[in-house]
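Here's the structure, in structure tokens; my notes come after.
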Amino acid sequence: MLTPPEDTRGGAVGTRSGIIAAMASPLVAALLLSSQAALPPALLAVVPRPVRIERGEGAFVLGPATRLRADASLRRTAELLQEELRRATGWSFPLLDSFAPADPGAPEIRLRIDRSLAGLGSEGYRLTSTPGGVEISAAAAAGAFYGVQTLRQLLPPELLRKAKTPGVRWEIPAVRVEDRPRFSWRGSHLDVARHFMPKRAVLDHIDLMALHKLDVFHWHLTDDQGWRIEIRKYPRLTEVGSRRRESQLGRDEEKGDGTPHGGFYTQDDVREVVRYAAERFVTVVPEIEMPGHAQAILAAYPDLGNTPAPVEVWTRWGISERVLSVDERTIAFLTDVLAEVVDLFPSTYVHVGGDEVPPAEWEASPAARERMREVGARSPEELHSWLMGRVGAFLASKGRRLVGWDEILDGGPPPPGAVVMSWRPAKGGLEAVRAGLDVVMAPTTHTYLDYYQSKEPGEPLAIGGFLPLETVYAFEPVPPELEGGERTSCILGAQAQLWTEFLATPEAVQYMAWPRLAALAEVVWSPRESRDLADFRARLAPHLRRLDALGVRHGS
Ligand code: ACM
């Protein structure tokens, strides 16, 4: 048995570990029972499950003569497929453009744009494979890319190995697939502040997201324990803020490991990650935390705080009491930083955190109290809301939309156009949807993959909680309260969180992510009616062989 989670978050109500204790396991058990509806066993192990997949007669078998053919706008997608096919098989897979003369009967994998499929949306696709070849068609490039992801899963898992595997029969079963996603925001969040993850690990994570048709990479770049993105105007953010003296040892706040930890991404690194993601139809949403979770900023630029007392980049987990001031100087700093961020990230959405802001420093600071009087804020929450308004207006001036954790609702309406990321299960989401705000569902109860996935002995130390695969799979992003026909189009989708206090390496992250993130991918991609745990489990066994072929460390 797992011992009850320790409070690693300083014990404040509404913190992550506080919410862990409130998780209702009888409810989870009931949800699991009700999801055993009788669907036929999975015919083909595609994850996430397509809207329609029908088996035909026979199979297409790749060989040395197989060619690729793609419309010009799909060339990069075709090249990515070509690279993988070449590596796995050793054959050349010449890539022809769609105007090259046809050679009737030549074995081909064809990618094409077909505007008549507009009814499937920009991310939908049709895939038809017969013994003669494969055709993937879509109204837009994203759809063709997702068709290729399905094709990769129809091939033997050895396709995904880093090296050629001789002796494999490269067979694609004859199928007809029609598919499109349920939600547009299919997200995976990764905290690289608590533990820095090398650029290669970030790219690998994006590759895995793409294989599962996830399309928003929420990159949590800054926190009390580290600042991880180069900002030209403020070099001390990385010179000082990207390094900490040591890290907390396990759950014991009294103990440090004595080992310095650090790392950051240069602006060139960031551009590379953004470009790599874009080729895989993944949008990178950066998160720059403010005004809390900001101790690394204060270590670099103490003048931006509420007290002159110096701080170091935090070496402990939890929520630091040290927060940014609300002076004009600090707001100028924040907008300067965001101006560089906006230049680096084409995403419409820019996340500014906004969660877990301890009020003590603002309550004690004469300058903050004066600011409250000046702007008519009656509480620290209202002051926070005012600050979000200033930052939101700046982002709007750059054509971007502010995203914030659901605390941005606590002190009044969020800035116009803001997106609420609802993480506290009892709060936020429903309220925001009813107010007509755009919402991304990210509740601790179903999407916090830093919680334990198993109660078996030997699990690596985690932050606490218990979130088995089945609970992730049972997640329903549309709250039951809204099922009576209320407007739900403002639920953009959902995402899973990977906080890394207890995940020090890319392998540790992978183990917590997979296969639970595959379950989340099905929640956000596949039709609600087709959700079936037994069917998912049947597809998961072969799917885990794909993760093995990729060398991904995973749970079960
Ligand atoms: C959060 O977990 N503090 C958003």
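Order of listing sets the numbers, starting from 1, for every ligand and every atom in it.
Considering both main-chain and side-chain atoms, E356 comes within under 3.5 Å of ligand 1 through a nitrogen or oxygen pair. The distance criterion of under 3.5 Å between nitrogen or oxygen atoms is met by Y448 with respect to ligand 1. For ligand 1, the polar-atom distance check against D355 finds a nitrogen or oxygen pair separated by under 3.5 Å.
Counted by atom type alone, Q497 and H189 present zero donor-acceptor pairs between their side chains at under 3.5 Å.
Residue-ligand proximity, W499 to ligand 1, at heavy-atom distances under 4.0 Å covers atoms 1 (C), 2 (O), 4 (C).
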Given salt bridge (Lys or Arg N to Asp or Glu O under 4.0 Å), test R232 with D343 step by step and report yes or no. CA-CA 12 Å; R232 296 264 158 82; D343 280 346; over 6 Å; no

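Taking the six-membered ring for Trp and the full ring otherwise, the centers of W219 and H351 sit at least 6.0 Å from each other.
Of the residues Q248, R245, R322, Q295, the one that meets the side-chain contact (heavy atoms from CB on, under 4.5 Å) test with W314 is Q295.
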